[in-house]
Amino acid sequence: MQKTFFSLFFLFAALTMTAATSYDVRDYGAKGDGQNLDSKAINAAIEDCAAHGGGRVTLSAGEYLSGSIRLKSHVELHLEAGAKIIATDQAGAYDASEVFGFPEYQDGGHTYFHNSLIWAEGQTDVSITGRGMIDGRGLTRKDTETAGNVHGGSIGMGDKAIALKLCRNILIRDITIFRGGHFAIIITGCDFATIDNVLIDTNRDGIDIDCCKFTTVSNSKINSPNDDALVLKSSYALKKPVICENILITNCIVTGYKVGTVLDGTYIPEKVNWVCGRIKLGTESNGGYRNITITGCNCFYSSGLAFEEVDQGKMENIVVNNISMSHVHHYPIYITTGCRNRGPKERTDVSTARDILISNVFADDCDSLSGIQITGMPGHPVENIWLSNIHIRYRGGITHPVDPNYPELDKKYPEIAKFLGTCPAYGLFARHVKGLHLRDVSFRLDQPDVRPCILTSDVEDVQYDNVITPEGIFRPQ
């Protein structure tokens, strides 16, 4: 009898504690009817939850029209199955963007955070979870903020779906984001972040990890036909160069289908402009990248892997393994340094890249524009690049000779399709490289191509071990 009493007491206490730490936004006036603006009620629930030490703020099934939602420390914003936050296009519904003194060193999307649908700055233990959806219907996908907007100020529209700055211990899990605006998710200057099992079908960038440490992106599916899918950056958004380091990207799928066709299951390939999908390091790269692992990812109807250090940072200790690519736009692998130097003019650093290992990559139906490109700068070579067990099938079909004097990147934006043009080699082009190691690499063609398979210039310490071209084992002249 006594044992039963205590069991019932502890069960009641546990249920009471759970109820006490869960805050339903409808209790604060949210309608969830898709017509009335619910952000005031959602924010009231978050404030109350935070004031009581934290807990879960719940959105049950319904459509919640919303402007800016401000996350607080120790609060989990939980979207139950059937719940949808819809970004409004109502003027004045979003918070004013903050004051920033150096807007010319990065795009406005990296500069301003407060004018987002869901945002937090300087918070700890922040979570966004659940099987619900964030629909950025009213968000802009344009670069609406300019370098002249030094003093911030509202532009009247929301810019990003989720924007977190200088936060620690972040969890974003299980949610779906449709039409995420400029960025579906951006986290800047954040430590110990986990983004897991997220589905994104968006009209600009999918996930941007900027100036962050100890971050994992896993088991996520990102469709971004008009921009980058999953990108690491190290912008000047923290008013100083900050390296992006100790990052793991694993078991993710990147695609470039038409917006909305992943969610509705029709999977219509989008017409490609200058970029489509892809996993990228860059372009914003004031601080650089270090200790980055990308493994077990699939890329379909997207651009390939792009590792770009062009703003005086360091790119080193990069490991890529077990990547499958199909219907690849523009190039399968692109590693480059340049001197765009988008940062304070008094800096004297030179962009560097070294110690990059890429292994176990299969890619088919690759664009004839370019093979693998690995390029440094004159006097500043890319160092120690390892390509192992890589097998690529290209479309080929180039019938006219291509000038082997390929343009140097120099100060240009590092985009092959837009600024460099057709590569003089269909399989691999390497220039200004010290230490290039190829082992168990094969290149195939669907159609004949007049260009050489492999072309190198200013490359020291190059090793070929079982490199196979359509003509057989490659033996340098």
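Reckoned from all heavy atoms, side chains included, excluding hydrogens, waters and symmetry mates.
At least one donor-acceptor pair under 3.5 Å links the side chain of D135 to the backbone N or O of R137. Judged by distance alone, the side chain of R204 and the main-chain N or O of G181 form no donor-acceptor pair under 3.5 Å.
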- Under the side chain to side chain donor-acceptor pair (under 3.5 Å) criterion, do T58 and D24 qualify, and how do the steps go? CA-CA 5 Å; T58 302; D24 191 325; over 6 Å; no
Practice prompt. Determine, stepwise, if the pair R347 / N286 fulfils side chain to side chain donor-acceptor pair (under 3.5 Å).
Written response: CA-CA 10 Å; R347 285 186 66 180; N286 276 273; 3.2 Å; yes
Check your understanding: What do the steps show when you test R26 against S60 for side chain to side chain donor-acceptor pair (under 3.5 Å), and what is the final call?
Key -> CA-CA 8 Å; R26 291 182 184 269; S60 56; 3.1 Å; yes
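The ring pair (Phe, Tyr, Trp, His ring centres under 6.0 Å) pairs that include a residue from residues 333-360 are Y331-Y334, where partners are two or more places apart or lie in different chains. Applying the salt bridge (charged side-chain N to carboxylate O under 4.0 Å, His left out) test to residues at least two apart or on different chains, the pairs with a partner in residues 407-421 are R278-E415, E408-R431. Counting only residues at least two apart or in different chains, salt bridge (charged side-chain N to carboxylate O under 4.0 Å, His left out) contacts with residues 310-330 comprise D311-R340, E316-R354. Counting only residues at least two apart or in different chains, ring pair (Phe, Tyr, Trp, His ring centres under 6.0 Å) contacts with residues 231-251 comprise F102-Y236, Y105-Y236.
With respect to E284 and K233, no salt bridge is recorded, no charged nitrogen being found less than 4.0 Å from a carboxylate O. A salt bridge is defined here as a Lys NZ or Arg NE, NH1 or NH2 lying under 4.0 Å from an Asp or Glu carboxylate O, and R131 with E80 fails to meet this definition.
In summary, of the residues considered (D201, N298, N223), a side-chain hydrogen bond (donor to acceptor under 3.5 Å, both in side chains) with T255 occurs for N223 alone.
With 3.5 Å as the limit, one finds no donor-acceptor pair spanning the side chains of S66 and D38. T129 and H78 form a side-chain donor-acceptor contact under 3.5 Å, judged by distance and modelled atom types alone. The closest side-chain donor-acceptor pair between E309 and S285 falls under 3.5 angstrom. D48 and Y28 share a side-chain donor-acceptor pair at under 3.5 Å. Donor-acceptor pairing under 3.5 Å is recorded for the side chains of Q106 and T111. Y413 and T283 form a side-chain donor-acceptor contact under 3.5 Å, judged by distance and modelled atom types alone. In summary, the side chains of S351 and Q312 do not present any donor paired with an acceptor at a separation below 3.5 Å, with no hydrogens or angles considered. D95 and N115 share no donor-acceptor pair across their side chains, judged by distance under 3.5 Å alone.
Going from atom OG1 of T202 over to atom CD1 of I222 covers 10.0 Å, rounded to the nearest 0.5 Å.
Scored by the ring pair (Phe, Tyr, Trp, His ring centres under 6.0 Å) test, F183 finds H110 as partners (sequence neighbours excluded). With sequence neighbours left out, the side-chain hydrogen bond (donor to acceptor under 3.5 Å, both in side chains) criterion links D364 to S326. Residues that satisfy the ring pair (Phe, Tyr, Trp, His ring centres under 6.0 Å) test with H74, not counting sequence neighbours, are absent from this structure. Residues passing the side-chain hydrogen bond (donor to acceptor under 3.5 Å, both in side chains) test with E270: none are found, sequence neighbours excluded. The side-chain hydrogen bond (donor to acceptor under 3.5 Å, both in side chains) check on T266 picks up D264, with sequence neighbours excluded. In this structure, the salt bridge (charged side-chain N to carboxylate O under 4.0 Å, His left out) partners of K72, at least two apart in sequence or on a different chain, are E47. With sequence neighbours excluded, the residues forming a side-chain hydrogen bond (donor to acceptor under 3.5 Å, both in side chains) with Q373 are S370, Y406, listed by chain and number.
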Could you give the side-chain donor-acceptor pairs of residues 190-197 under 3.5 Å, partners two or more places apart or in another chain?
residue : atom : partner : partner atom : Å
D191    : OD2  : R168    : NH1          : 3.2
D196    : OD1  : S218    : OG           : 2.7
D196    : OD1  : N219    : ND2          : 2.8
D196    : OD2  : R173    : NE           : 3.2
N197    : ND2  : D174    : OD1          : 2.8

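Annotation: H327 is in aromatic contact with Y301 [ring centroid separation under 6.0 Å].
By the 4.5 Å heavy-atom criterion applied to side chains, I294 and I279 are counted as neighbours.
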